[in-house]
Structure formats: C-alpha cells, structure tokens
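Order of listing sets the numbers, starting from 1, for every ligand and every atom in it.
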Amino acid sequence: MIEVCRSHFYKIILGLVCALTLWQLLVLQNVQERVFIANFQYNISNIVNHFSSEKVSNSFSLPKETRSAGGVNFSSFWEPSNLYLRNETEFGNSSYDLCPETPINLDGHITVLKTSPTLEELESHITNLMPGGRFKPFHCKARHKVAIVVPYRDRKQHLAVFLQHLHPFLQKQELDYGIYVVEQIGKSLFNRAMLMNIGAAEALRQYDYQCFIFHDVDLLPEDDRNIYSCPEMPRHMSVAVDVFDYKLPYQGLFGGVSAMNRSHFEKVNGFSNMFWGWGGEDDDMSNRIRYKKLLISRYPANIARYVMLSHSKAKPNPSRFRVMKNGAKRAQVDGLKNLRYKRVKIQFMKLCTWISVDISPKERS
Ligand code: BGC
C-alpha cells in the first residue's frame, strides 16, 4: 500500500490541486452571478462599474479626433469594443422569455410635466440605467433594440424635461434602448438631419440597434400606447401635436418624431446632409422613402399625441425648396455615404450618451 502511494504521490497531489481549483472557480462564479442579479434590480450602473474595472466611469471621453473617412458603412459598426458593453451583453437577460408583444403595464393617457429639476438633479432621481442612458427590461428579453437619437443645441432645460418624461415611458414599454444626444457645437447653422445621421452611426458603434427613433427634444408623447418599437415601414410618430391642434398638417410630413429600421435607413442613404437651418430635411426624407417605394406608416391620431415645449421659432431656411428639387439624384450620394464630421467628445452620462460634434464645413473638408 505504502509502495502504491509512494509511486502515485505526485499524481494524487496534482489531482487534489485540480479539484481545489475547480471548486474555487465554481464558488466564485456562483457568487458573481448572485451579486449581479441581486443588484441589477436596484442600480444597474453600480453593477456595471463593479464588474468592468478600469475602463468604466459614468462620464468619460474617447480619443478626441475621430473623423469618418468619407461615408459610413453600418455593417462594420457593431463592435463591442469597451468592457462595460461586453459585461452588459454577457450578464444580460438573454435566458429570459421574450417580453409580451403588447406591454402589460400601459396606462394610455399619461401626465406630461413641462418642468423638471435640472439635468444634474435628475441624475440622482433616475437610477436604474446603465451608463450612457441605456436600459433593458429586467424580467424579460426585449423585442426591440431602439436607439433614440436627439439632435441638440443649447436646450438644456428642455433636455431635462425630455429625459424625465422619456425614460419611464420607454421602460414601461419594455424596450432595450439607449438615448443619444447629438450636440452641434460651433457657429454654423443647425443641421438637424446631419446630426441624426451621426446619431445613428454613433449609436451603432455602441450597440447592435435594430432601429432608430429620431426625436425632437421639445416633443413629449402623451400616451404610452404610442409604442416606440422598431417599425416594419418608416413610421411617422408625432401625428397629432398640440400646437397643430392635434391635426396632421400634411400627409407627407415626417418631422418631429419618426422611426426607421436600420435596413430602410441604409437603403435610403440616411438623411441629406445639405439642409442648414430650419426646415426641409424631413420632407426630403419623406421623398427618399417614396423613391425607394417604401411607405410611411402612422399610429392613430388619438394615440400618437404630443405636447410641444415652448420656444422661440427659428427662421425657416429659404433655400430649402431649391435643395429639395434635385432630391432623387442627390439621394444617391448625399447622406450616410458622404457623412463626415469631427467627433469632439463622447460622454457616457447617467441619463444619455452625449456626443458633441463639429460639422462646420472646414471640419468636413
Ligand atoms: C418644413 C418641415 C416642417 C414642416 C412642419 C415644412 O414647411 O419644410 O421641415 O417639419 O413644415 O412644420
């Protein structure tokens, strides 16, 4: 017996070490999973921080200068390049059942508050988000991965009211979503359409979204049956707005709030980049949709209702009709294909991903 033990001494030791290591690994994994699940309900951002070590903070900047080299190609965009997103995918709720087709906790008409605390104060009120204003339902697997893209300049108070309203609204709808605020810096005229192209492109750098909802910051939905899901056909969402007497101003309107799935958005080459100042870019998109034989869909007007926050009206761009004229030809090149911009900063804030861009002509040449 002693002889046998002696001859197998090293094998026995090796066996013991292996068994011990395996046991430790199992225990550790179990603890990690339990910690994640227990905390997930309360504050996702803490958990993400907890698991993703040095790369994560609620607000950090990526390298300063990134310029798309003339046009964007969506297919190469989904790169889970940073740790927090990898963790979020790995530890997400993929093993749960799909959420119901119609969310069960909807109220119909909801209260719209036109005031809110400041953005900074609001950050401490809404605590169930992942960094960058990202959310997934906890108890079921969302049916739609939606990027909300908000073209923005100098409307901080509106933004706070908007975020205060939109987060609970989208969460009740059990969506897997993120809010992307695309801020135009510099002095050139506002270019809403280019900011929306950029928002779509930047959102896809972060996550595998299936669709985009392009959303003016001053529009607040009044009914939570107005589901922000990915549409089969481009969907114009702000059908009935209070300032228009809750009536659709004209049939082809695609402005305010509109949704497109990723393949349609690519198919029409995104929005035109050529509309500087107020107006026209949404009508141009409406034409692009028609050129590609797609249709604009809408929810009923008693559901797709919105309140508009008040602000001084911008001066319409007088040359918008001229730009729109050669739309069909221009749509081949002007859009995602020739999108160029300078991303000055990206911040993964608590309530949104904030992307500051310089799109002034000198930055795009
Ligand atoms: C503009 C659109 C705008 C619409 C409704 C049109 O004249 O070209 O951009 O959405 O009016 O205000």
Side-chain angles (χ1 to χ4, degrees), residues 112 114 148-155 158-159 162 181-182 184 188-200 212-222 226 228 231 233-260 264-265 268-292 294-301 303-331 334-336 339 359:
V112 176
K114 291 188 178 184
I148 312 289
V149 176
V150 185
Y152 176 88
R153 182 190 249 174
D154 200 19
R155 295 262 191 99
H158 280 179
L159 183 62
F162 174 81
V181 174
V182 191
Q184 180 176 337
S188 34
L189 287 168
F190 195 59
N191 188 327
R192 177 178 180 267
M194 201 191 303
L195 297 177
M196 295 192 286
N197 283 341
I198 294 171
F212 312 105
I213 299 202
F214 302 104
H215 212 304
D216 281 355
V217 72
D218 54 4
L219 286 173
L220 307 173
E222 288 182 34
N226 181 359
Y228 278 33
M233 276 289 164
R235 184 195 293 138
H236 178 235
M237 317 232 0
S238 48
V239 178
V241 182
D242 60 351
V243 295
F244 296 135
D245 242 352
Y246 292 108
K247 291 195 183 86
L248 186 68
Y250 53 97
Q251 204 48 42
L253 183 64
F254 201 63
V257 186
S258 54
M260 285 183 85
H264 287 161
F265 193 60
V268 301
N269 191 18
F271 287 92
S272 162
N273 298 311
M274 291 184 58
F275 289 86
W276 298 89
W278 187 91
E281 79 295 337
D282 49 344
D283 300 324
D284 187 79
M285 172 55 95
S286 183
N287 292 339
R288 288 179 178 218
I289 289 169
R290 192 164 38 84
Y291 301 147
K292 293 290 175 189
L294 302 170
L295 294 170
I296 294 179
S297 62
R298 288 194 177 92
Y299 290 137
I303 288 177
R305 288 166 69 90
Y306 286 78
V307 165
M308 189 184 278
L309 297 171
S310 56
H311 52 83
S312 52
K313 201 166 162 17
K315 209 171 105 239
N317 164 18
S319 56
R320 66 189 193 280
F321 303 110
R322 184 180 47 76
V323 182
M324 233 181 309
K325 260 191 183 154
N326 62 348
K329 209 160 147 227
R330 187 171 31 80
D334 164 26
L336 296 174
L339 180 63
I359 55 175

For [atom], find the nearest protein heavy atom and state the residue, atom name and distance (0.1 Å precision).
atom: atom 1 (C) of ligand 1; result: D283 OD2, 3.5 Å
atom: atom 7 (O) of ligand 1; result: R320 NH2, 3.2 Å
atom: atom 5 (C) of ligand 1; result: L253 CD1, 4.0 Å

>> Rounded at 0.5 Å granularity, tell me how far CZ in F190 sits from CZ in F275.
In response: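 Between atom CZ of F190 and atom CZ of F275 there are 15.0 Å.
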> Under a heavy-atom criterion of less than 4.0 Å, does G280 contact ligand 1?
Replying inline: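 A heavy atom of G280 does come that close to ligand 1.
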> Between H236 and F254, what is the ring plane arrangement, given parallel below 30°, perpendicular above 60°, and tilted in between?
Replying inline: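 It falls in the tilted class, 30° to 60°.
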Check: [X] side chain, [Y] main-chain N or O, donor-acceptor pair, under 3.5 Å:
X: R322; Y: S319; value: no
X: D334; Y: N273; value: yes
X: R288; Y: N269; value: yes
X: H158; Y: S310; value: yes

> What part of Y250 sits under 4.0 Å from ligand 1 if we count only heavy atoms: the side chain, the backbone, both or neither?
Replying inline: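 Contact part for Y250 vs ligand 1: side chain (C-beta onward).
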> Heavy-atom distance to atom 2 (C) of ligand 1: which of D284, D282, N317 wins?
Replying inline: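 Selected option, by shortest heavy-atom distance: D282.
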> Are any of the N or O atoms of W278 closer than 3.5 Å to those of ligand 1?
Replying inline: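 No, there is no polar N/O contact under 3.5 Å.
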> Looking at ligand 1, does any of its N/O atoms fall within less than 3.5 Å of an N/O of F244?
Replying inline: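 In fact, backbone or side chain, F244 has no N or O that close.
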